[in-house]
**Q** 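Pasting a structure below so you can have a look.
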There are 2 protein chains.
Amino acid sequence: MANLSATEISWYYNRLNKCCCRLTKPRRAILDILDDTRKHLSAEQIYKETLKISSNAGLSTIYRNLELLVRIGLTWEFDAGDNKARYEIAKRPGESHHHHLICKKCNSIIDYSASVDNEKDFIKKREKNLSNKYNFKIENHSIDFFGLCYKCSKNK
Amino acid sequence: MANLSATEISWYYNRLNKCCCRLTKPRRAILDILDDTRKHLSAEQIYKETLKISSNAGLSTIYRNLELLVRIGLTWEFDAGDNKARYEIAKRPGESHHHHLICKKCNSIIDYSASVDNEKDFIKKREKNLSNKYNFKIENHSIDFFGLCYKCSKNK
DNA sequence: ATTAAAATGAGAATAATTCTCATTAACAAA
DNA sequence: TTTGTTAATGAGAATTATTCTCATTTTAAT
């Protein structure tokens with residue numbers, strides 16, 4: 001707990017400030033938690049984590065803030081196929097964007113870096129081409145591969 | 001209504017049969033509806049469509065069957081970011097797999113064919129490489145680009 | 001036609017998310 | 001540092017999407 005450095009905190013402060021939003025205690029707690037984990041937590045799970053830390057944020061506050069953080073691009077939301085939103089921090093310093101391998105059976109998620117095999121270049125080119133063709137302003141993307149993880153493909 | 005040809009019906013019949021499942025009236029209705037539209041319908045919307053056709057399937061039956069059809073690969077499910085599942089027919093004869101451009105503001109969805117710009121080749125290679133690296137049996141994938149459609153980017 | 005298994009419909013139950021509103025905290029400016 | 005304005009919070013009620021239950025009905029192989 002209290003993982004965020006002073007630098008990170010002021011960075012988040014400024015990002016929020018730009019939108020007339022404040023870096024409140026619950027927001028700091030959420031960012032703290034997401035920054036600290038490699039997991040893809042649901043709102044409920046994040047809520048439980050905040051209870052462990054001192055910060056007692058209400059569940060509705062968690063939801064409200066996740067929505068905000070996603071909207072301004074500080075966190076990233078996706079659905080691993082079980083009808084509940086998962087959240088992860090948008091970018092870590094020095095770490096490149098990643099995509100997912102999602103197990104249909106146990107819902108486990110593997111992150112893989114998007115920087116290998118020219119994937120980044122490919123996507124960039126694709127985005128440009130699609131933007132032009134469809135007059136669509138692309139802001140971000142998600143690439144998910146679904147299937148069976150090693151464990152689940154072994155167990156029948 | 002009654003869009004499915006005799007050939008298509010027997011194709012679906014066989015696919016279901018392989019899993020000891022029957023081609024019932026509600027199932028035929030769902031496939032009929034999904035086959036007929038370019039839209040990405042929610043369960044509720046599909047339910048309403050079945051009411052328009054003679055077929056009066058219950059909502060729970062719709063959900064049950066969508067789950068089945070997704071599981072055996074006849075339809076495809078995804079989330080356009082509004083926390084409700086959308087469904088589309090998995091493959092149309094002679095049409096290649098497609099991906100999505102999703103507007104964050106109005107939730108509209110544009111399909112684009114995955115067959116241009118070597119996208120298909122790229123994905124295939126990527127799948128092979130990821131399968132090996134992570135010991136993960138990939139069955140399918142989704143690629144979604146999020147942003148603003150033309151209309152929404154114009155309206156501020 | 002008969003029959004066993006699979007599927008259905010209606011609605012209750014659950015789970016995830018959003019809303020309401022009175023109270024509190026953040027922070028810019030004095 | 002105190003203050004005033006405005007944003008944000010917490011608690012729980014309300015809503016929405018989805019799943020479950022179970023008695024009844026269909027399906028399709030025999």
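Since we're looking at a predicted model, the values are computed, not measured. Proteins get letters first, then strands, A, B, ... in listed order; numbering begins at 1 in each.
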**Q** Mind checking whether B:Arg27 and B:Cys21 have side chains closer than 4.5 Å, heavy atoms only?
**A** yes
**Q** Answer yes if the side chains of A:Asn3 and A:Asp35 hold a donor-acceptor pair under 3.5 Å, and no otherwise.
**A**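 Result is no, nothing qualifies.
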**Q** Scan A:Arg64 against the nucleic acid and name what it touches under 4.0 Å (heavy atoms): base, sugar-phosphate only, or nothing.
**A** base
**Q** For the pair made of CG in B:Leu16 and C1' in D:dT27, what is the distance, rounded to whole Å?
**A** 13 Å
**Q** Of all the choices, D:dT19, D:dG10, C:dA7, which nucleotide is nearest to the side chain of A:Asn83 once you look at every atom?
**A**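 That would be D:dT19.
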**Q** Pull out every residue in residues 65-79 of chain A that has a heavy atom closer than 4.0 Å to any atom of DNA chain C, ordered by number, or say none.
**A**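 Those residues: none at all.
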**Q** Using only heavy-atom distances, decide whether a donor-acceptor pair under 3.5 angstrom links the side-chain of B:Ser42 to the base of D:dA17.
**A** no
**Q** To the nearest 0.5 Å, what is the distance between CG (B:Leu66) and CG (B:Leu34)?
**A** 7.0 Å
**Q** Measure from CZ on A:Arg28 to C1' on D:dT9 and round the result to the nearest Å.
**A**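 Value for this atom pair: 15 Å.
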**Q** What's the CG-P distance between B:Leu51 and C:dG9, to the nearest Å?
**A** 10 Å
**Q** Would you kindly give the CG-to-P distance between A:Asn17 and D:dA8, to the nearest whole Å?
**A** 11 Å
**Q** Tell me the interatomic distance from B:Ile62, atom CD1, to C:dT8, atom P, rounded to whole angstroms.
**A** 9 Å
**Q** Hey, does A:Ser60 reach any base, or is it just sugar-phosphate, or nothing, if we go heavy atoms under 4.0 Å?
**A** base
**Q** Counting side-chain heavy atoms from CB outward, which of D:dT18, D:dT9, C:dT17 is closest to A:Leu59?
**A**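 Nearest listed nucleotide: C:dT17.
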**Q** Answer yes if the side chains of A:Asp111 and A:His40 hold a donor-acceptor pair under 3.5 Å, and no otherwise.
**A** yes
**Q** I need the CG-C1' distance between A:Asn56 and D:dT9, as an integer number of Å.
**A** 12 Å
**Q** Mark yes when over 12 heavy atoms from residues, nucleotides or ligands other than A:Lys104 sit less than 6.0 Å from its NZ; otherwise mark no.
**A** yes
**Q** Just call it for A:Tyr13: base, sugar-phosphate, or nothing, with non-hydrogen atoms closer than 4.0 Å on any strand.
**A**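 Sugar-phosphate contact only - A:Tyr13 comes under 4.0 Å of backbone atoms but never of a base.
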**Q** Quick check on D:dT9: is either OP1 or OP2 less than 4.0 Å from any side-chain nitrogen or oxygen of A:Thr24?
**A**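 Yes, A:Thr24 has a side-chain N/O under 4.0 Å of OP1/OP2 on D:dT9.
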**Q** Mapping B:Cys20 and B:Gly58 onto DNA chain C by nearest heavy atom, which one lands closer to the 5' end?
**A** B:Cys20
**Q** Could you check which of C:dT8, D:dG10, C:dC27 has an atom nearest any side-chain atom of A:Leu23?
**A** C:dC27
**Q** How many Å lie between CD on A:Gln45 and C1' on C:dA15, as a whole number?
**A** 14 Å
**Q** Rounded to whole angstroms, how far apart are CZ on B:Arg86 and P on D:dT16?
**A**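 B:Arg86 atom CZ is separated from D:dT16 atom P by 16 Å.
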**Q** Are any of B:Thr61's side-chain N or O atoms less than 4.0 Å away from OP1 or OP2 of C:dG9?
**A**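 True: B:Thr61 side-chain N/O within range (under 4.0 Å) of C:dG9 OP1/OP2.
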**Q** A:His100 and A:Phe78: ring pair (Phe, Tyr, Trp, His ring centres under 6.0 Å), yes or no, with the steps?
**A** CA-CA 10 Å; A:His100 301 124; A:Phe78 76 105; 4.1 Å; yes
**Q** From C-beta outward on A:Arg22, which listed nucleotide comes closest to its side chain: D:dA28, D:dT9, D:dT5?
**A** D:dT5
**Q** Classify the ring geometry of B:Phe145 against B:Tyr112: parallel below 30°, tilted from 30° to 60°, perpendicular beyond 60°.
**A**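 B:Phe145 vs B:Tyr112 ring planes: tilted.
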**Q** Indicate, with yes or no, if A:Ile102 and A:Tyr150 share a hydrophobic cluster defined by side-chain heavy-atom contacts under 4.5 Å among Ile, Leu, Val, Met, Phe, Trp and Tyr.
**A**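 Result: no, two separate clusters.
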**Q** Just compare D:dG10, C:dT17, D:dT18 and give me whichever is closest to any side-chain atom of A:Lys84.
**A**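 Among D:dG10, C:dT17, D:dT18, the one nearest the side chain of A:Lys84 is C:dT17.
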**Q** Between B:Tyr63 and D:dT18, is there a side-chain N or O to OP1/OP2 distance below 4.0 Å?
**A**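 Yes, such a contact exists.
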